[in-house]
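FYI, side chains are in, hydrogens and waters are out, and symmetry mates aren't considered; it's all heavy atoms of this structure.
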Number of protein chains: 2
Amino acid sequence: MKTEEKIVEKKYQQAKECPITIFMEQIGGKWKPVIIWLLLSNEVMRFNELDKAIDGISQKMLSQQLKDLEKLNLIDRKSYPVIPPKVEYRLTEKGKSLKEILTIIMNWSNQNLR
Amino acid sequence: MKTEEKIVEKKYQQAKECPITIFMEQIGGKWKPVIIWLLLSNEVMRFNELDKAIDGISQKMLSQQLKDLEKLNLIDRKSYPVIPPKVEYRLTEKGKSLKEILTIIMNWSNQNLR
DNA sequence: CAGTATCCCTCCTGATACTG
DNA sequence: CAGTATCAGGAGGGATACTG
């Protein structure tokens, strides 16, 4: 039946392909935008710096979110084999390209939310 | 102590005022962007239409998300006192102003995520 | 310093059934 | 038609302690 096929097709589209949903799942959430935002203005940050700069985050959450962002190729992790350990995080080009979006969201939010 | 005050001030800023975090909390998530996106292209939709159009959503979730969006003044709910009930949802001007953001997110997502 | 490991608990969500 | 009521399950997230 034609109408049924149409519905199925539509549903599939929305469930698996909606790019906005994918974005929200992968970049949204409580911590990822903050991390990206900090790296946009600070260029390079160490784990501890991020930890101190983000209020309320736990080390567990921070390392988890950083891993996620690394997998998405949005940030680069550079580890130095020294004691004590030193690890640097910075944005990739792809990560930097989020600046425009985050800026627009920030402006809209400032004007429309509180 | 000056440095301590600085830290406290910084933390407060990030925790309570970060507009991007506020945006993600209020407009992000699994369903709200989809609802807004549908209303951007369809102008007016009834509860049942939204329910059918959004794959996997439950009535409970749908009504909850619609209430949230209404509170944010992003959508308008118009109820007709007829039997069977008829309720229409449409975007407010504020809601429509999200089109630009969602479009940019969609484009970025299409190019950078999968 | 830069993380893991562990426990614990809340809240989000889905499923189902019901109603004005 | 447009919701609400209720319950259960699981993932997400916090607190704390530990380690290379």
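- Note on B:E93 versus B:K96: salt bridge recorded, some NZ/NE/NH1/NH2 to OD/OE distance being below 4.0 Å.
- Between B:I57 atom CD1 and C:dA15 atom P there is a gap of 12 Å when expressed in whole angstrom units.
- Taken residue by residue, residues 61-69 of chain A places heavy atoms nearer than 4.0 Å to DNA chain C at A:S63, A:K67.
- Rounded to the nearest 0.5 Å, atoms OG (B:S63) and CG (B:L50) are 11.5 Å apart.
- Contacts classified as side chain to side chain donor-acceptor pair (under 3.5 Å) and involving residues 105-114 of chain A (residues at least two apart or in different chains) are given here: A:W108-B:S97.
- With a cutoff of under 4.0 Å to any heavy atom of chain B, the contacted region of DNA chain D is bounded 5' to 3' by D:dC1 to D:dC7.
- Residues A:F47 and A:L62 form a side-chain contact, since some pair of their non-hydrogen atoms from C-beta on lies under 4.5 Å apart.
- B:K60 comes within 4.0 angstrom of a nucleotide base, judged by non-hydrogen atoms across all strands.
- For A:E100, the CD atom sits in a loose shell: 12 or fewer heavy atoms of surrounding residues, nucleotides or ligands are nearer than 6.0 Å.
- Closest approach of B:I27 and B:I36 over heavy atoms only: CG2-CD1, 3.9 Å.
- Atom CG of residue A:L91 and atom CG of residue A:L69 lie 9.0 Å apart, to the nearest 0.5 angstrom.
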I would like to know whether B:R46 and B:V87 meet side chain to side chain contact (heavy atoms under 4.5 Å, CB included); could you show each step before the answer?
CA-CA 6 Å; B:R46 299 181 60 173; B:V87 180; over 6 Å; no
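- Looking at residues 79-86 of chain A, you'll see A:P85 sit with a heavy atom under 4.0 Å from some atom of DNA chain D.
- Here the straight-line distance linking atom CE of A:M45 with atom OH of A:Y89 works out to 12.0 Å at 0.5 Å rounding.
- Among the duplex regions that DNA chain D forms, those built from at least three successive Watson-Crick or G-U pairs under 3.5 Å are C:1-20 with D:1-20, ordered by first number.
- Here the CG-CG distance, from B:L98 to B:L74, works out to 6.0 Å after rounding to the nearest 0.5 Å.
- Checking A:Y80 against A:E88 by side-chain atom types alone, a donor-acceptor pair falls below 3.5 Å.
- Atom pair A:E25:CD and C:dC12:P shows a separation of 17 Å (rounding to whole Å applied).
- By the side chain to side chain contact (heavy atoms under 4.5 Å, CB included) test, B:E25 pairs with B:T21, sequence neighbours left out.
- Rounding to the nearest 0.5 Å places CG of B:L113 at 7.5 Å from CZ of A:F23.
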